Amino acid sequence: GDKVINLFGNEEHGALVALDVATGDTAWSQGKDGACYSSPFPAEIAGVPQVVAWNHRAIVGVESKTGRLLWEYPFPHKTHNQNMPTPAFHDGQILVGGENRGIHGLSPKLRNGKWTVTKNWSQMEVALDMSSAIVADGLLFGMSPFSLSCRCFSIAVTFSSPPPPP
């Protein structure tokens with residue numbers, strides 16, 4: 001692409017910023033929330049190219065070309081000053097987990113020109129702390145600090161309680 005997009009700032013003030021790769025000039029800047037360790041990632045949701053980012057206050061979807069905020073889901077950091085793992089994306093669902101907060105499946109939807117975000121499922125037995133999860137063959141793999149082990153579960157299943165052990 002023609003832009004490098006990242007979160008810049010400190011824990012109190014920051015922004016999601018797109019820089020032109022040829023000139024280094026700011027193409028756009030979005031928000032004023034504190035930055036975090038999680039990396040933004042590109043996704044196409046409802047046919048709209050966007051950047052999904054997790055800042056200190058929320059998970060946000062931002063239009064890739066303009067930096068316009070499309071949607072947000074409140075998910076602030078807790079306890080330690082970190083939102084560390086980068087969320088995974090699979091079949092239109094954002095899979096996010098954090099220290100002592102389990103793992104959650106979120107679905108942004110565009111209907112009649114308005115964005116909404118639905119929490120599809122949530123489980124608290126497995127969490128992510130410093131490592132990001134990956135998706136392979138419909139399974140979510142990640143390191144859980146609760147058991148210091150690699151955990152895996154099917155994301156096709158809607159969880160209202162913890163998934164069965166692997």
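Computed from a prediction, not measured in an experiment: that's the story for all the values here. Values below: every heavy atom of this structure, side chains too, minus hydrogens, waters and symmetry copies.
Applying the salt bridge (Lys or Arg N to Asp or Glu O under 4.0 Å) test to every pair with at least one member in residues 85-97, sequence neighbours left out, gives no pairs at all. Within the structure, side chain to side chain donor-acceptor pair (under 3.5 Å) contacts touching residues 60-76 (residues at least two apart or in different chains) are Gln50-Trp71, Arg57-Glu72, Glu63-Thr66. Among pairs with a residue in residues 110-119, none fulfils side chain to side chain donor-acceptor pair (under 3.5 Å), at least two apart in sequence or across chains.
Residues that satisfy the side-chain hydrogen bond (donor to acceptor under 3.5 Å, both in side chains) test with Asp137, not counting sequence neighbours, are absent from this structure. A search for side-chain hydrogen bond (donor to acceptor under 3.5 Å, both in side chains) contacts involving Gln30 returns nothing, not counting sequence neighbours. Partners of Asp20 according to the side-chain hydrogen bond (donor to acceptor under 3.5 Å, both in side chains) rule, which considers only residues two or more places apart in sequence or in another chain, are Thr23. Partners of Ser132 by side-chain contact (heavy atoms from CB on, under 4.5 Å), not counting sequence neighbours, listed by chain and number: Pro85, Thr86. Annotation: side-chain contact (heavy atoms from CB on, under 4.5 Å) contacts of Ala88 (sequence neighbours excluded): Leu95, Val135, Leu140.
Under a 3.5 Å cut-off, the side chain of His56 and the backbone N or O of Asp33 do not form any donor-acceptor pair.
With side-chain heavy atoms closer than 4.5 Å counting as contact, directly or through intermediates, the hydrophobic cluster containing Phe8 also holds Val17, Leu19. Think of Val60 as one node in a network of Ile, Leu, Val, Met, Phe, Trp and Tyr side chains linked at under 4.5 Å; its network also takes in Ile5, Leu7, Leu16, Trp28, Val51, Val62, Leu69.
Using a 4.5 Å heavy-atom cutoff, the side chains of Lys32 and Glu12 are not in contact. Counting heavy atoms from C-beta on, the side chains of Val96 and Leu106 come closer than 4.5 Å.
Closest non-hydrogen pair, Lys3 versus Ala27, comes out as CE-CB, 3.9 Å. Nearest heavy-atom pair across Ser38 and Trp54 is OG-CB, 3.9 Å. When all heavy atoms of Val21 and Gly1 are compared, the pair lying nearest together is CG2-O, 4.1 Å. Of all heavy-atom pairs between Ile94 and Pro87, the closest is CG2-CB, 3.8 Å. Contact detail for Phe89 and Glu44: the closest heavy-atom pair is CZ-O, 4.0 Å.
Of the inter-residue distances, the one linking Asn120 atom CG with Ser107 atom OG reads 3.5 Å to the nearest 0.5 angstrom.
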Inset, instruction - Would you please test Ile45 and Val52 for side-chain contact (heavy atoms from CB on, under 4.5 Å) and show each step? - result: CA-CA 10 Å; Ile45 303 172; Val52 176; 4.2 Å; yes
